[in-house]
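First listed ligand is number 1; within each ligand, the first listed atom is number 1. Since we're looking at a predicted model, the values are computed, not measured.
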Amino acid sequence: MLTKLSALLLLLAFQRLVSAVNFAWEETQLTKDDIGIFNSVAFADTAPAPSIPVDSNVNLAASNGRECKVGPWDAAWPTEAEWAAFNASVDGALIKTVPQGAVCYPNNPHFDEAACAAVVQATGHSGGIVVDPSNIVQPWTAGESCNITETPIGICSLGGFPVYIVNATTVKHVQLGVNFARNKEIRLVVKNTGHDFAGRSVGAGALSIWLHNLQGQTFMSDFSGSNYRGPAARIAGGTQGWQVYNFMADNNISIVAPSESTVAILGGFTAVGGHSSLTSYHGMGSDQALQLQVVTADGRFLQVDTDNNADIFFAMRGGGGSTYGIVTSAIVKAFPPLTLQTAKFVWSGSLDANFSSPDINPSTGAITVDKEVFWSGVREWIQFSRSVSSAGGIGFSYIEPPSSTFMGPAPGLFQMTASFILPGQTLEDATAFLEPFFSTMTQLGIPLTQSNTTTITSQAYNTRRTGEGDPVGQTRFSSRLFPRTNWEDPALFNATVQSIRAAVEDGGYTVNAIPYAPTEEVAGFPNDAVNPAFRETLMHAIAFDSASPVKDGRVLPAKVVNAAHTRLDSFVAAWRKLTPGSGAYMNEADMQEPEWQQSFFGDHYPQLLQIKRRRDPWGVFWAPTTPGSEVWAVVVPDGLPLQTGPLCRT
Ligand SMILES: Cc1cc2nc3c(=O)[nH]c(=O)nc-3n(C[C@H](O)[C@H](O)[C@H](O)COP(=O)(O)OP(=O)(O)OC[C@H]3O[C@@H](n4cnc5c(N)ncnc54)[C@H](O)[C@@H]3O)c2cc1C
Ligand SMILES: *[C@@H]1O[C@H](CO)[C@@H](O)[C@H](O)[C@H]1NC(C)=O
Ligand SMILES: *[C@@H]1O[C@H](CO)[C@@H](O)[C@H](O)[C@H]1NC(C)=O
Ligand SMILES: *[C@@H]1O[C@H](CO)[C@@H](O)[C@H](O)[C@H]1NC(C)=O
Ligand SMILES: *[C@@H]1O[C@H](CO)[C@@H](O)[C@H](O)[C@H]1NC(C)=O
Ligand SMILES: *[C@@H]1O[C@H](CO)[C@@H](O)[C@H](O)[C@H]1NC(C)=O
Ligand SMILES: *[C@@H]1O[C@H](CO)[C@@H](O)[C@H](O)[C@H]1NC(C)=O
Ligand SMILES: *[C@@H]1O[C@H](CO)[C@@H](O)[C@H](O)[C@H]1NC(C)=O
């Protein structure tokens, strides 16, 4: 319970004006003069209620009798004249959505054969999707409404893509987008790079704010905040991983950034956790932010840190993207440069029960062993990864069944493609450190050191990158964070390895096992909303279903998608059973995770829900499985988890 005094202080904090901005374009803020008589873009003048009990049954939407957010199918949708007035207010930055594939459809006014060929080529990698105002990496969540192909069937439609998009280049644009959506009760979505696996950056009938063009990075050798003094960096909201790596190289520093070059550093990465090669060394992405500049649901622009708006500072570091506000820029920790030692190894397991182990292919150096030896090697890799995490490193592996097309094992073979990444060690240190692992593997019958598929290489963490991004494909998966306790009891450890094996061998799923340990200690006790399960974890494991929810450019029938999901869930249910009270990483989890509030936010959930209700009583921000999202649902006829229908109160 808040005292009257602290409630008053909180209100004062809400009123506090922003003095510090990180970038020149953040000086351009919405004023009363800009609004004039155009009430559709006015700020919310309702002072947020200082404290709403967690269990009270408040409605998030202004209740004027409407059940759903207003869409183009409603009479209340703004007229062309209103959209034109809104466009004028944002300096002409309003885009009417044209799906990226529209150029491929002969029956579409945007048809352009050469442009289509270029788009087909570019969108094979994530970088070609990031630069589009509306497209996303998993377009099936938008209903696969505009298949990008040179041989399309049917028409290109909006599906779950937004109707209009603000191409924001100033804070004012972001404020105007938030105010217009709130005042008109239109669904608001926020697209940064569009990597979100669950369609959190699209929505049918929505107005989108596109953050891609909020750009800039500056280094501060000596930043001083209330609980941090040292090197830091100002980063703009639209900055992608590759830009951060290049910025690090320019300044001879390290910053915790996404491993995938085109994921935004200040989008879902900072808002929901963010893991990288440095997870066991410097903690999660969320743990790095020292200050955020934020446009809140009332349309105001706030400085957010431990001294200002501390409630959302807590929530916006781990407690969900597009939930409490829009980050236009941030100040994040910077560290000295680091070298990564990466040890890579591959081994395969034969289904042939009479296989004589090991077989080392003289021309490729590939090691094949029998199935039981294969799995004992996997067990040892998972076992040893605890020491790797304690030393500040991480593991990364794909464990594949013979049918997998992921890394593509040879027919009839299981395959383990694994690495350990050790930051801050020399090649000699790393070689000595890994010696016990290699020797145990040899004793088990997997003499990795005799194979030339095994290598240890040194590379600077801040090695330069490009914006091309990884190849993209659409798949469904489910995941779990396995806690330290699962390594401590030998029987539980065996059951853990057995449950991974079952998902691969009996389920036919490819498991991406990523051991790491972002403890409170390595994170520097950040007091943020990162899923508490991360603090205890020793391994994030994902089971990928090779059966895509899409075939030939169409989302498969609900019956097929749901049956595949139920089957996958039955294997991950076994993982959950072995890890009671743990959770999953929302950015890389089942989009239909059972009891997601506990799984994604743990004990922080009640507090996050309270902050959400206090800061966004209108329900301006909404994305699946974020705190407070349960009071709304996207209405889709066959119940698939898509963003193609209206957003309505539950
Ligand atoms: C190929 C691939 C590789 C990946 N690699 C990694 C990895 O190495 N490490 C890792 O941790 N995760 C990784 N992810 C997962 C990734 O972190 C999530 O998909 C994340 O949500 C992407 O955030 P985004 O802002 O780039 O994407 P978007 O889809 O644009 O946004 C994600 C969510 O955050 C909201 N949002 C975005 N920007 C802001 C903002 N400035 N303010 C408020 N809300 C915002 C959006 O509305 C949406 O809800 C990967 C995903 C893919 C597809
Ligand atoms: C917004 O205005 C600009 C500049 O006048 C124009 O180019 C653009 O097409 C307009 N957007 C919409 C959606 O009408
Ligand atoms: C989508 O594209 C694929 C090829 O990329 C094609 O086989 C399929 O027919 C297309 N489907 C539709 C609905 O356009
Ligand atoms: C977005 O705005 C920037 C800056 O004005 C402009 O260069 C860019 O072309 C715009 N993008 C689109 C898709 O309109
Ligand atoms: C980079 O920083 C490291 C440690 O902070 C320092 O030892 C090194 O000399 C620097 N390199 C350059 C090129 O400035
Ligand atoms: C394996 O060897 C045993 C004994 O030599 C033999 O009976 C069996 O048929 C063999 N199995 C396979 C799959 O070759
Ligand atoms: C692997 O090692 C063998 C033996 O040293 C060598 O002949 C072969 O060329 C190597 N293969 C590769 C792919 O490097
Ligand atoms: C766990 O598995 C290992 C290897 O298969 C075995 O040696 C050990 O006895 C098992 N331990 C328990 C407690 O089951």
### Message
Does Glu630, at its CD atom, have more than 12 non-hydrogen atoms belonging to other residues, nucleotides or ligands within less than 6.0 Å?
### Response
yes

### Query
Could any protein non-hydrogen atom be found less than 4.0 Å from atom 14 (O) of ligand 2?
yes

### Query
Which residue and non-hydrogen atom of the protein lie closest to atom 1 (C) of ligand 1, and at what distance in Å?
Glu260 OE2, 3.5 Å

## Note on the structure
atom 12 (N) of ligand 1 sits nearest the protein heavy atom Glu588 OE2, 3.4 Å

### Query
Would a 4.0 Å cut-off, counted as strictly less than, catch a protein heavy atom around atom 9 (O) of ligand 2?
no

### Query
Looking only at the SG atoms, are Cys104 and Cys156 under 2.5 Å from each other?
no

### Query
Any salt bridge between Asp528 and Arg535, counting N to O under 4.0 Å?
yes

### Query
N/O of Asp552 under 3.5 Å from N/O of ligand 3, yes or no?
yes

### Query
Just checking, any donor-acceptor pair under 3.5 angstrom between side chains of Arg300 and Gln29?
no

### Message
Less than 4.0 Å is my threshold; does some heavy atom of Ser126 fall inside it relative to ligand 1?
### Response
no

### Query
Nearest protein heavy atom to atom 50 (C) of ligand 1, by residue and atom, and its distance?
Val263 CG2, 3.8 Å

### Gly325 touching ligand 1 at heavy-atom level, < 4.0 angstrom
yes

### Query
Would you say atom 2 (O) of ligand 2 touches the protein, meaning some protein heavy atom is under 4.0 Å from it?
yes

### Message
Less than 3.5 Å apart, any donor N or O on the side chain of Gln303 or Asp305 sitting next to an acceptor on the other?
### Response
yes

## Note on the structure
Nearest non-hydrogen protein atom to atom 7 (O) of ligand 2, with distance, is Gly92 O, 4.9 Å

### Within reach of ligand 1, part of Val327 (heavy-atom separation under 4.0 Å)
both

### Message
Please check whether Asn87 reaches ligand 2 - meaning an N/O of the residue sits under 3.5 Å from an N/O of the ligand, judged on distance alone.
### Response
yes

### Task
Taking the six-membered ring of Tyr324 (Phe, Tyr or Trp), confirm whether the NZ or CZ of Arg615 is under 6.0 Å from its centre and within 45° of its axis.
no

### Task
Tell me which protein heavy atom sits closest to atom 18 (C) of ligand 1, plus the residue, atom name and distance to 0.1 Å.
Asn587 CG, 3.7 Å

### Heavy-atom nearest neighbour in the protein, as seen from atom 34 (O) of ligand 1, with distance rounded to 0.1 Å
Gly268 N, 3.6 Å

### Query
Non-hydrogen atoms of Tyr585 versus ligand 1: any pair closer than 4.0 Å?
yes

### Task
Would you mind checking which non-hydrogen protein atom is closest to atom 7 (C) of ligand 1, with the distance to 0.1 Å?
His275 O, 3.8 Å

### Query
Which is closest to atom 28 (P) of ligand 1 by heavy-atom distance: Gly473, Gly194, Pro471?
Gly194

### Message
Does Lys69 qualify as a cation-pi partner of Trp632, given the criterion of NZ or CZ under 6.0 Å from the six-membered ring centre and within 45 degrees of its axis?
### Response
yes

### Query
Does the cation-pi check pass for Arg465 over Trp242, that is, NZ or CZ under 6.0 Å from the six-membered ring centre and within 45° of its axis?
no

### Task
Report the nearest protein non-hydrogen atom to atom 12 (C) of ligand 3: residue, atom name, distance rounded to 0.1 Å.
Asn147 ND2, 3.1 Å

### Query
Do Ser286 and Gln288 have a side chain donor and acceptor closer than 3.5 Å?
no

### Message
Which of the numbered atoms in ligand 3 are under 4.0 angstrom from any heavy atom belonging to Pro152?
### Response
14 (O)

### Task
Classify the angle between the aromatic ring planes of Phe86 and Trp83 as parallel (below 30°), tilted (30 to 60°) or perpendicular (above 60°).
perpendicular

### Query
Under a heavy-atom criterion of less than 4.0 Å, does Leu266 contact ligand 1?
yes

### Task
Assign the ring pair Phe38 / Phe180 to parallel, tilted or perpendicular, where the plane angle (0 to 90°) is split at 30° and 60°.
tilted

### Query
Got a salt bridge between Asp590 and Arg476, using NZ or NE/NH1/NH2 to carboxylate O under 4.0 Å?
yes

### Protein residue, atom and distance nearest to atom 5 (O) of ligand 3, heavy-atom basis
Thr149 OG1, 3.4 Å

### Query
What protein heavy atom sits nearest atom 46 (C) of ligand 1, and how far away is it?
Val190 O, 3.2 Å

### Message
Evaluate Ile148 for polar contact with ligand 3, using N/O atom pairs at a separation under 3.5 Å.
### Response
no

### Task
Enumerate the atoms of ligand 2 whose separation from the nearest heavy atom of Leu94 is less than 4.0 angstrom.
1 (C), 10 (C), 11 (N), 12 (C), 13 (C)

### Summary
The residue among Glu26, Gln293, Arg234 that forms side-chain hydrogen bond (donor to acceptor under 3.5 Å, both in side chains) with Ser329 is Glu26

### Query
For atom 27 (O) of ligand 1, which candidate among Ile129, Val189, Thr626, Thr193 provides the closest heavy atom?
Thr193

### Query
Do the numbers put Arg317 on top of the ring of Phe313, so that NZ or CZ is under 6.0 Å from the six-membered ring centre and no more than 45° off the axis?
yes

## Note on the structure
for atom 8 (O) of ligand 1, nearest protein heavy atom and its distance come out as Ser259 N, 3.2 Å

### Task
Give the ring-plane orientation class for Phe544 versus Tyr398, where under 30° counts as parallel, over 60° as perpendicular and anything between as tilted.
tilted

